[in-house]
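Inspection log for the structure reproduced underneath, given as C-alpha cells.
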Amino acid sequence: MYSDVQTCKNTFENNIIYVEGSGNALYHHCGIENLSKNNIVHRTHAGSHGATIWAGCEQNGGGSLQNYTNERNIYLLQDAKNLTFGRSWDRLEGANFHHNLYWSMASENDKTLKLFPNSTRK
C-alpha cells in the first residue's frame, strides 16, 4: 500500500496484505499524520535482492516532513533472510512503531538476522 509523496492524514487500516519479492507492504512516502494500524501483512521469501517491511521518506528528501505511526499490525514473515525493516536510505526520525507483532515461520536461525537498518545488533 502506497501513499504518494507528502500526502497527509492517510490511514491504512484493517487490511490483509500479501507481498511477494522486493515490494514494500506499507509505504507512506513522506507527509505528516499518516497511520498504519490493525493490518495483517504476510511477507514471502525476500529473494537474493532483498526486501523491506516498511518504506518512508528518503534521507535525501531535504525539507520533506515525515510523521508516521505504525501500530498494532501483525507481520507474518515466510523467511527473514535478505529482509530488513527499512531501506538503508530511509529516514526513520518521525516514524513511530509500537505494539506490532513480528513472526517468522522460518528456522530458529532467523533470530540472529539483522532486520533493522543501521542497527548494531547482530
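This one's a predicted model, so the numbers in the text were calculated from it and none came from an experiment.
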For the residue pair [X] and [Y], establish whether any side-chain heavy-atom pair is separated by less than 4.5 Å.
X	Y	answer
N100	N70	yes
S3	F12	yes
E71	L35	yes
D90	E58	yes

Which pair of heavy atoms, one from [X] and one from [Y], lies closest together, and at what distance?
X	Y	answer
C8	G31	SG-CA, 4.2 Å
C57	Q66	N-OE1, 2.7 Å
V41	A25	CG1-CB, 3.4 Å

Between [atom1] on residue [X] and [atom2] on residue [Y], distance to nearest 0.5 Å:
X	Y	atom1	atom2	answer
E13	N38	CD	CG	5.5 Å
N39	I16	CG	CD1	9.5 Å
H28	Q6	NE2	CD	14.5 Å
H29	N34	NE2	CG	11.5 Å
H98	T69	NE2	OG1	5.5 Å
N96	N67	CG	CG	6.5 Å

(message) For residues I32 and Y27: do they belong to one hydrophobic cluster (side chain heavy atoms under 4.5 Å, members Ile, Leu, Val, Met, Phe, Trp, Tyr)?
(response)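 No: no chain of side-chain contacts under 4.5 Å links I32 to Y27.
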(message) Assigning hydrophobic clusters by single linkage (Ile, Leu, Val, Met, Phe, Trp, Tyr; side-chain heavy-atom cutoff under 4.5 Å), is M1 placed with I40?
(response)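 No, M1 and I40 fall in different hydrophobic clusters.
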(request) Measure up the Y75 and Y102 rings against each other and bin them: parallel (under 30°), tilted (30 to 60°), perpendicular (over 60°). (result)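 Taking Y102 first and then Y75, their aromatic rings lie parallel (interplane angle under 30°).
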